[in-house]
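All ligand and atom numbering here is 1-based and tracks the order in the structure. The structure presented is a predicted model; accordingly, all values stated were derived computationally and were not measured. The basis for the numbers below is simple: all heavy atoms, side chains too, and nothing from hydrogens, waters or symmetry mates.
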Amino acid sequence: MSGARRAIYPGSFDPVTFGHMDIIRRAAASFDDVVVAVLRNTNKAPLFSAEERREMLEEAIAEAGLGNVRVSGFEGLLVDFARNVEAKVVLRGLRAVSDFEYELQMALLNRRLAPEVETIFLVPGEDVSFISSRLVREIARLGGDVSSLVPACASARLARRLGAPSGGNE
Ligand code: PNS
């Protein structure tokens, strides 16, 4: 495949949320194949290891029945990963104006590094656009129920890691 219709969707996914899954569904419907790219060494000291974050994504994607989506870990520059997998499109979700400044900066820097790679922003459904992994972790840490915010596999792992209720889904 030339990669013209291949998109990568990069992120930390610590953990995957229904917001991410909404973007992945939209991506799968718009591109021939989608590579969800999990940043291995985030400098944010992740709650879940790269392996755990990948497993949660794989379970959630299998459950959603998205056959043209695969998950891969990456380290180093995003544009190098895009070139390695022959993707010409980087997808990012844009939830609110507050995301815009950082996303614009990344898109323009990535373009400077790799002009052939286009960043495309997808807008999540308004029912999930307020969800962030950071706040999910905080809610779970404080004992709140996150089962309406993340896939069942993630809420079960959060419960095991942090002792939060899993919502009885798994
Ligand atoms: O889910 P996140 O944490 O907002 O995702 C950020 C991510 C993984 C897209 C970004 O940190 C990234 O691309 N990291 C790889 C290193 C890189 O290429 N940095 C230069 C970006 S201009």
Side-chain angles (χ1 to χ4, degrees), residues 3 6-28 30-31 33-61 64 66 69-126 128-141 146 149-151 153-155 157-158 161-162:
R6 171 173 295 160
I8 63 176
Y9 177 43
S12 309
F13 304 104
D14 187 35
V16 58
T17 69
F18 283 139
H20 296 131
M21 290 308 298
D22 179 285
I23 296 291
I24 292 170
R25 262 190 216 94
R26 290 173 200 279
S30 301
F31 291 87
D33 78 286
V34 177
V35 182
V36 178
V38 182
L39 182 64
R40 281 209 193 98
N41 299 319
T42 112
N43 44 20
K44 290 186 258 179
L47 175 62
F48 293 105
S49 70
E51 186 62 26
E52 289 173 305
R53 286 179 275 135
R54 239 188 43 217
E55 281 170 12
M56 284 186 270
L57 275 160
E58 273 162 2
E59 277 180 62
I61 288 163
L66 301 171
V69 181
R70 69 186 164 92
V71 184
S72 175
F74 84 102
E75 50 205 344
L77 282 178
L78 177 64
V79 290
D80 287 341
F81 178 77
R83 282 172 170 159
N84 286 342
V85 298
E86 298 187 319
K88 295 277 192 290
V89 171
V90 170
L91 297 173
R92 292 285 289 169
L94 210 49
R95 289 168 300 192
V97 178
S98 51
D99 286 339
F100 185 72
E101 210 172 323
Y102 172 60
E103 293 298 336
L104 179 67
Q105 189 179 20
M106 267 207 307
L108 292 174
L109 284 167
N110 283 332
R111 177 179 288 163
R112 180 66 61 90
L113 296 172
E116 78 281 11
V117 176
E118 205 63 63
T119 299
I120 296 183
F121 295 110
L122 296 178
V123 177
E126 71 275 12
V128 292
S129 66
F130 55 89
I131 304 173
S132 77
S133 294
R134 185 178 65 79
L135 289 176
V136 162
R137 291 195 303 274
E138 182 171 315
I139 292 165
R141 218 171 252 132
V146 294
L149 307 174
V150 298
C153 56
S155 99
R157 280 192 199 233
L158 282 162
R161 182 68 44 93
L162 301 170

Item to complete: Check whether more than 12 heavy atoms from other residues, nucleotides or ligands sit under 6.0 Å from atom CD of Glu101, and answer yes or no.
Response: no
Worksheet entry | Atom CZ of Phe100 with >12 non-hydrogen neighbours under 6.0 angstrom | no
Worksheet item: Can you list the residues that meet the ring pair (Phe, Tyr, Trp, His ring centres under 6.0 Å) rule with Tyr9, with sequence neighbours excluded?
Response: Phe13
Discussion item. Less than 4.0 angstrom from a charged side-chain N to a carboxylate O is my criterion; do Arg70 and Glu58 meet it?
Written reply: no
Response to the item:
The answer, listing residues by chain and number that come under 4.0 Å of ligand 1 through any heavy atom, is Gly11, Ser12, Leu39, Lys44, Phe74, Gly76, Leu77, Leu78, Arg92, Tyr102, Met106, Leu109, Asn110
Worksheet, complete the sentence: Hits for side chain to side chain donor-acceptor pair (under 3.5 Å) against Glu52, two or more places apart or cross-chain, chain-then-number order -> Ser49, Arg161
Item to complete: Mind checking side chain to side chain donor-acceptor pair (under 3.5 Å) for Arg54 and listing every partner two or more places apart, or none if nothing turns up?
Response: none
